[in-house]
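Every heavy atom of this structure was used, including side-chain atoms; hydrogens, water molecules and symmetry mates were not. Within every chain, numbering begins at 1; the chains are lettered A, B, ... in the order of the sequence lines, protein sequences first and strands thereafter.
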Amino acid sequence: MASDDVWILGITMTKFGKHPTKDVIDLAAEATMGALADAGVTMREMGLLAFGSLMGRASGQMLQKQVGQTGIPVYNVSNACATGATALRVCHMAIRAGDADFGLAVGVEKLAGAGLLAGGSRGDDSKNWTPSGRFGAVGPIDGRIGTETMPGVFAQIGLEYGHKYGGTSFELFAKISEKNHAHSTLNPLAAYSKRFTLDQIMNDVMIAYPNTRPMCSANCDGAAAAVLVSDAKLKTLSLEQQRRAVKVSASVLTTDPWEEACQVLPNVNTLTRQAATQAYEKAGIGPEDLDLVELHDCFATAELVHYDNLMLCPEGGAVDFFNSGATWRDGKTPVNVSGGLESKGHPIAATGIANVWEVATHLRGEAGDRQLPDARVGLAHVIGLGNACGVHILERAAA
Amino acid sequence: MPQPIPFVEYLVLGDSPHLVANECTACGARFFDRRNACANCFATGFRKVDIATEGEVRAFTIVSLAAPGIPVPFVSATVDCAGTSVRANLINIDPTPEAVHVGMKVRLALQPVGADGSGVEAVNFGFEPQR
Ligand SMILES: [Zn+2]
């Protein structure tokens, strides 16, 4: 009997880093053809394409023109840093709805050399003060009424957690970054795979206290793609395809519900907690069952709060949880064994599929030098400011 | 001399400068921007309410890298003004981790932004340490 489960049949990510000779479609095509080959199928079988690329002015149709035009619907999706997860979610929904047997999700970005994202430009003051916009401001507000830069926003989110529960410090956040950079040394696809000492991290260029440069996600080029398949169709495929398939036990997308202050400082906590709660419930899996977690460490300060939001630790216990060593690769709940966004890199629309690739690769036992022993269940999490949160729980196929 | 004007519409200048919010008459949710409806309860009735001018820093960062034209370093903070959160710069304070901390008591203060082509001065707000 077929169930309504949805499976990842094939998935791949390109090397993250600098790809000066490839354009955004080259990268998307490389990931797409890689995922199709990994799945053992072709564009002919795909029932839909969900495509995300935030900065590149690219579309799924442009990708089709290079890899296969079969007339299927394309959903061009845009959800900030949750764009890749949204593309996966679209394929998941279409398969669950019976609209397609196979779906292809692709995320790609070219960001190498990009500077500050968001708040990256301040317009000039006008010659005559004229109120405009929703605040009736007579000039640009970034830097005059707080900051709009991502490092600054997420720095405040980390310090807010410290204010609420205590125990945070510059050094603590730097130690989180130290862990992720240490993990990255085992990941050949990471944009940066260099180990940093705590001193090096704390003495590097300050971006927005307490986030120094190595504590911020790395702008880079990269793509990731996944082929999803229905349970019924998977059962008609080869035993090898079935063995390597990874079950999507939960695919959840949330936005932030209104709370006091959420329009003043983005609240990345409640929507993550709600996404995690829904995902654990759908999967019938608890945080204590997870063998690995890839979470959205766009900044070191963000990783800390998501330990709590994903309920990897008791409420308010993220500092103790980290200090226990739980999130190192030999700990109780390894977090970001890929190196995370701080070292693997963060090609925005690719991130929400690349995180799933990392988890799936461990569940398949194909992670090489950084393979976590006997990984059965994992979780991938992304946050796009605005906000959108994607959580996927994945399980290894029963042997 | 032309009258100074507030940098944003939710700042009221004069003898006792303060911020005003749009408060939903149905649920009490407060917003500083122009509203279409309430994000919490979807009602469309609002009244103006004055915001407390003293508060506590709930979160901050010291921005060292910003867009061209923005003087750095500066302190960006979320200030809890008697239950209403406000985004602002902390001013009249050293932008160092030694000088700023969460939980510190602050109060509204004014800061001139400059004059436009016709000599009209715009005045912004920030929060400074209570003394
Ligand atoms: Zn309301």
Side-chain angles (χ1 to χ4, degrees), chain A residues 115-116 118-131 133-149 151-164 168-170 205-213 216 257-265 301, chain B residues 5-11 29-35 38-41 56-80 83-89 95-97 100-103 111 113-118 120-122 124-126:
Chain A
L116 268 183
S121 64
R122 176 197 258 193
D124 290 332
D125 290 331
S126 57
K127 287 215 166 51
N128 288 293
W129 297 127
T130 310
R134 287 199 168 256
F135 295 111
V138 300
I141 65 171
D142 186 22
R144 284 172 170 149
I145 302 178
T147 183
E148 290 172 358
T149 63
V153 168
F154 279 96
Q156 291 186 64
I157 286 165
L159 294 193
E160 181 184 44
Y161 187 87
H163 182 40
K164 199 167 169 190
T168 60
S169 64
F170 178 22
V205 178
M206 184 59 73
I207 305 296
Y209 178 87
N211 288 321
T212 64
R213 188 171 49 189
C216 299
W258 190 84
E259 288 172 273
E260 202 287 315
C262 80
Q263 295 193 14
V264 173
L265 178 67
T301 45
Chain B
I5 59 162
F7 186 70
V8 284
E9 272 169 2
Y10 61 92
L11 169 63
R30 290 178 172 184
F31 305 90
F32 288 104
D33 62 350
R34 178 169 61 78
R35 300 303 304 174
C38 175
N40 184 45
C41 77
E56 183 183 299
V57 174
R58 213 180 62 222
F60 76 92
T61 183
I62 303 162
V63 178
S64 301
L65 181 68
I70 297 178
V72 289
F74 69 92
V75 184
S76 167
T78 307
V79 178
D80 180 349
T84 301
S85 296
V86 179
R87 183 176 123 175
N89 286 6
T96 62
V100 190
H101 57 92
V102 287
Q111 193 169 49
V113 176
D116 69 5
S118 53
V120 176
E121 185 93 37
N124 193 10
F125 71 95

Taking the basic N atoms (NZ, or NE/NH1/NH2) and the acidic carboxylate oxygens, is any pair closer than 4.0 Å for B/D33 and B/R35? yes
Heavy-atom nearest pair, A/A155 first then B/T61, reads CB-OG1, 3.3 Å
Minimum heavy-atom separation for B/R30 and B/T84, please, with both atom names. NH1-OG1, 2.9 Å
Tell me, side chain or backbone of [X] under 4.5 Å from chain A's heavy atoms, or both, or neither?
X      : answer
B/N124 : side chain
B/F125 : both
B/F74  : side chain
B/V100 : neither
B/V75  : neither
B/P95  : neither

Which of B/S118, B/P73, B/P97 touches chain A most, by non-hydrogen pairs under 4.5 Å: B/P97
Which one wins on heavy-atom pair count under 4.5 Å against chain A: B/G117, B/A39, B/G126, B/C38? B/A39
Without swapping roles, check the side chain of [X] against the backbone of [Y] for a donor-acceptor pair under 3.5 Å.
X      : Y      : answer
A/T301 : A/G158 : no
A/T149 : B/A66  : no
A/E260 : B/S85  : yes

Could you have a look at A/G162, A/G133, A/G152 and say which one has the most heavy-atom pairs with chain B under 4.5 angstrom? A/G152
A/L159, A/V138, A/I145: which one forms the most heavy-atom pairs within less than 4.5 Å of chain B? A/I145
Ring centroid separation B/Y10 to A/F135 under 6.0 Å: yes
